[in-house]
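Okay, structure first, notes after.
By convention in this document, chain letters (A, B, ...) are assigned in the order of the sequence lines, proteins followed by strands, and residues within each chain are numbered from 1. Computed from a predicted structure; not experimentally measured.
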Amino acid sequence: MSDYFLFVGLPYAALAIMLIGTILRYMNKGFTVSSLSTQFLEGKKLFWGSQSFHWGMMFLFFGHLIAFLFPKSVIAFNGDPVRLIILESTAFMFGLLSLFGIILLVIRRKNNKRVQIVTSKMDKVVFITLLVQIISGVWIAYFHRYGSTWFATSLTPYLWSIFAFNPDISVISTMPLAVKIHVISAFAIIGIIPFSRYMHFLVYPIAYIWRPYQKVIWNWDKNTIRIPDKWVKGVRSKNN
Amino acid sequence: MDIRSQMTMVFHMDKCIGCHTCSIACKNIWTDRKGAEYMWWNNVETKPGTGYPTKWEDQEIYQGGWEKNGETVSLKGAGKMKGLKNIFHNPNMPIIDDYYEPWTYEYEHLFEAPEGDDQPTARAKSLITGENIDIKSGPNWDDDLGGTPDYARKDPNFENLSPQEQEAMFQLEQMTLAYLPRICNHCLNPACVASCPSGAIYKRGEDGVVLINQEKCRAWRMCVTACPYKKSYYNWHTGKSEKCILCYPRLESGQAPACMHSCVGRIRYLGVMLYDADRIEAVASCDESELVDRQMEIYLDPNDPAVIKAARKNGIADSTIDAAQKSPTYKFVKEWGVALPLHPEYRTIPNLFYVPPLLPAMATVENGTYNTTTDSLWGKIDASRMPIQYLASLFSAGNGEKIKEVFRKLMTVRLHRRDKTVGDLDIKELNQALADTAMTREEADDIFRLTSLPLFDQRFVIPAAHREEAMEMLESTADVKGNTGFGFKEMPARGL
Ligand code: HEM
Ligand code: SF4
């Protein structure tokens with residue numbers, strides 16, 4: 001019963017909250033959406049913490065995403081033991097990298113008075129969930145080897161079953177405790193995205209890559225505004 | 001030709017008395033709130049000096065502005081590649097200590113301290129952490145310290161001066177300083193806009209004011225690095241960047257920006273200039289020696305019928321064209337050519353111009369005596385009290401000729417006025433000066449009048465904002481007073 005609550009109820013609740021919450025916050029409380037950078041208050045220790053944490057996180061995120069989207073390719077890739085070992089050990093390295101990073105970030109937050117001042121309650125929740133997530137992940141990688149293969153065969157179907165609105169928890173409920181914790185805390189993280197600084201990775205500035213460098217905004221169509229027999233609608237900038 | 005209108009400014013350095021009224025006016029209206037205490041959208045620095053933030057002009061440290069890259073320009077320390085690569089940690093960003101840690105004093109303690117043997121004191125408390133602090137620097141920490149080893153000697157502009165020239169500036173008899181009031185330049189090629197990954201920063205088409213949309217800013221903090229003038233500030237409390245808004249709510253209601261309105265020395269001028277946006281890239285990427293001249297070309301003659309026609313076609317209102325024709329900045333910058341941009345080598349095409357300081361006395365020490373004879377003021381421009389090369393490093397990318405050109409004109413105006421009011425000059429000298437600078441006596445009078453006796457409406461020529469046409473401009477500014485000042489009604493609480 002509690003497995004149903006944790007592996008069906010929680011995921012759906014988290015996903016729904018995330019979806020609705022982030023949209024509402026983005027639309028109505030745009031001012032609060034920010035990476036809340038603390039570099040201005042402390043710049044040196046942040047370098048090691050933030051760089052290692054984020055780059056590690058990036059790799060792991062896309063790793064999980066690929067295993068989720070293309071499980072068959074991952075299994076095929078891992079067919080050769082050499083490749084399997086290489087993939088496993090790189091993933092493990094990145095896991096350690098982000099663990100190292102998050103530990104540095106936590107120490108920095110605790111020790112630097114200026115950064116403490118701008119640490120909210122939600123930030124603490126963020127760090128705790130991340131610590132649980134990363135430690136359980138590294139634990140699994142070490143004690144339950146070859147996750148890159150068994151994830152694709154057993155967890156991917158579970159995740160797909162969630163997204164197909166046909167939840168099947170038969171595999172997940174037989175998994176070791178560490179895996180369960182990892183999954184639960186992952187959905188918990190998703191659920192608190194709209195209420196925390198987790199929001200910042202959803203607004204990754206991808207459009208920067210293709211937009212022109214300069215940006216000029218007119219409140220009206222400058223070429224037609226003063227043609228007397230033509231009515232032109234003003235553009236209300238979102239800032240007001 | 002893509003004609004646009006731009007609010008431009010001229011600051012007359014000879015007139016600035018360094019009173020900081022401008023900074024206070026600005027602070028009171030816009031930045032007197034949490035997270036913004038340290039910000040001075042308007043600040044007045046002493047030159048030579050290290051400025052605010054410390055050594056902001058040293059782009060080896062801060063990597064601000066653009067650099068020439070063939071036929072175009074690229075951002076020095078930001079941009080698509082560098083910005084997204086450094087998004088997790090920005091290596092060239094100044095931190096609070098490069099400005100100063102804001103503080104207040106524990107005044108209540110003076111009243112509430114228990115009775116004791118000692119007088120209670122009001123200790124300095126950090127406005128960030130609330131703890132006692134030892135003040136190491138503060139606003140205008142190097143104010144008036146034009147000859148000191150700790151500040152003046154560390155001025156990055158000295159790089160272009162020979163050791164002798166540098167030494168000369170520290171001789172007791174020649175020691176000098178000038179005030180450099182600074183606000184955002186509302187550039188034509190803004191580095192902050194280009195560096196913003198979120199696209200939160202934009203230039204207003206109607207008047208060229210550069211603004212940061214507070215709802216879109218995500219604290220990727222690239223603008224702080226990219227602005228070579230360090231006029232984009234990070235609010236550590238709200239997690240958003242902020243900058244000078246040229247008091248756009250005031251502009252829209254026909255008022256001069258607060259810093260300009262309150263200026264005691266009346267050094268500030270504000271007016272419209274028309275420019276050709278098609279030429280921005282070519283001007284920004286031209287050879288360093290041509291930067292000033294090419295920038296002057298981008299501003300167009302508002303009396304030229306062809307320009308007027310093209311401006312109208314581009315949606316520029318007649319009232320704006322009219323303002324451009326009366327613009328005091330156009331006169332100083334284009335007609336008379338006595339105002340220069342600050343650090344044009346940053347290639348942002350700034351719209352704030354400075355009349356360089358001719359400083360009152362240009363005496364020299366000869367054989368141990370202080371020589372203040374004024375018989376040949378003209379010849380002494382080369383021996384200007386503030387070395388030409390120093391000023392060139394500030395205002396003309398190192399081209400001393402440009403500074404001399406301006407000085408000759410300013411001197412001609414003085415000679416002319418001396419002749420007119422005292423009449424003791426050798427007329428030949430005056431005529432020579434007028435011929436050398438191709439200036440008429442009428443023009444010299446005009447320069448004199450606009451410099452010394454301008455009326456309020458001559459200093460600030462602000463066209464109607466055409467509120468009726470702009471939805472954005474329909475907001476009542478009184479409604480949003482006390483908020484962050486960016487036009488939306490929400491308390492500026494830090495996000496979660
Ligand atoms: C999509 C790409 C991401 C970008 C561009 C990004 C960017 C940033 C930036 C700019 C900061 C502020 C650093 C500073 O203080 O200056 C930050 C902080 C942080 N990010 Fe990310 N981030 C991303 C993804 C993530 C992910 C996936 C997570 C976790 C699941 C995460 C968790 C955090 C945390 C916990 C902090 C706070 C660090 C601290 O100040 O101690 N980020 N991020
Ligand atoms: S108010 Fe005017 S005179 Fe006083 S410091 Fe500012 S610019 Fe200079």
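- For Arg114(A), the salt bridge (Lys or Arg N to Asp or Glu O under 4.0 Å) partners at least two apart in sequence or on another chain are Asp97(B), Glu101(B).
- Contacts with chain B (heavy atom to heavy atom, under 4.5 Å) involve these residues of residues 55-70 of chain A, listed by number: Trp55(A), Met58(A).
- Contact of Asp2(B) with chain A is made through the side chain alone, with heavy-atom distances under 4.5 Å.
- In this structure, the side-chain contact (heavy atoms from CB on, under 4.5 Å) partners of Ile308(B), at least two apart in sequence or on a different chain, are Arg312(B), Ile321(B), Gln325(B).
- Contacts of Asp98(B) with chain A are absent, with no heavy-atom separation under 4.5 Å from either backbone or side chain.
- Looking at Tyr38(B), the atoms closer than 4.5 Å to chain A (heavy atoms on both sides) all sit in the side chain, from C-beta outward.
- No side-chain donor from either of Arg218(B) and Ser35(A) sits under 3.5 Å from a side-chain acceptor of the other.
- Annotation: the span from Ser34(A) atom OG to Lys216(B) atom NZ amounts to 15.5 Å, rounded to 0.5 Å.
- Remark: Lys113(A) pairs with Glu131(B) by the salt bridge (Lys or Arg N to Asp or Glu O under 4.0 Å) rule, at least two apart or across chains.
- Contacts between Trp48(A) and chain B at a heavy-atom distance below 4.5 Å are absent for every atom of the residue.
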* Could you walk me through whether Phe40(A) and Tyr99(B) pass the ring pair (Phe, Tyr, Trp, His ring centres under 6.0 Å) test, one step at a time? => CA-CA 10 Å; Phe40(A) 187 67; Tyr99(B) 303 78; 5.6 Å; yes
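- Distance check: Ile117(A) CD1 to Ser126(B) OG gives 8.0 Å after rounding to the nearest 0.5 Å.
- Between the NE2 atom in His89(B) and the CZ atom in Phe47(A) there is a gap of 6.5 Å [rounded to 0.5 Å].
- Atoms OH and CH2, on Tyr213(A) and Trp66(B) in that order, are 7.0 Å from each other to the nearest 0.5 Å.
- Remark: Met93(A) CE is loosely packed, at most 12 non-hydrogen atoms of other residues, nucleotides or ligands lying under 6.0 Å away.
- Counted within 6.0 Å of CG on Asp134(B), heavy atoms from surrounding residues, nucleotides or ligands total 12 or fewer; the atom is thus considered open.
- The number of heavy-atom neighbours closer than 6.0 Å to OH of Tyr142(A), taken from other residues, nucleotides and ligands shown, is 12 or below.
- In this structure, Ile217(A) CD1 and Lys203(B) NZ are separated by 12.5 Å, a value rounded to the nearest 0.5 Å.
- For chain A, the nearby part of Ile87(B) is the side chain; its heavy atoms alone come within less than 4.5 Å.
- In this model, a donor atom of one side chain and an acceptor atom of the other lie less than 3.5 Å apart for Asn189(B) and Gln214(A).
- Among Cys217(B), Ser195(B), Gly208(B), the residue with the largest count of heavy-atom pairs under 4.5 Å with chain A is Ser195(B).
- Between Lys80(B) atom NZ and Trp210(A) atom CH2 the span is 10.0 Å, to the nearest 0.5 Å.
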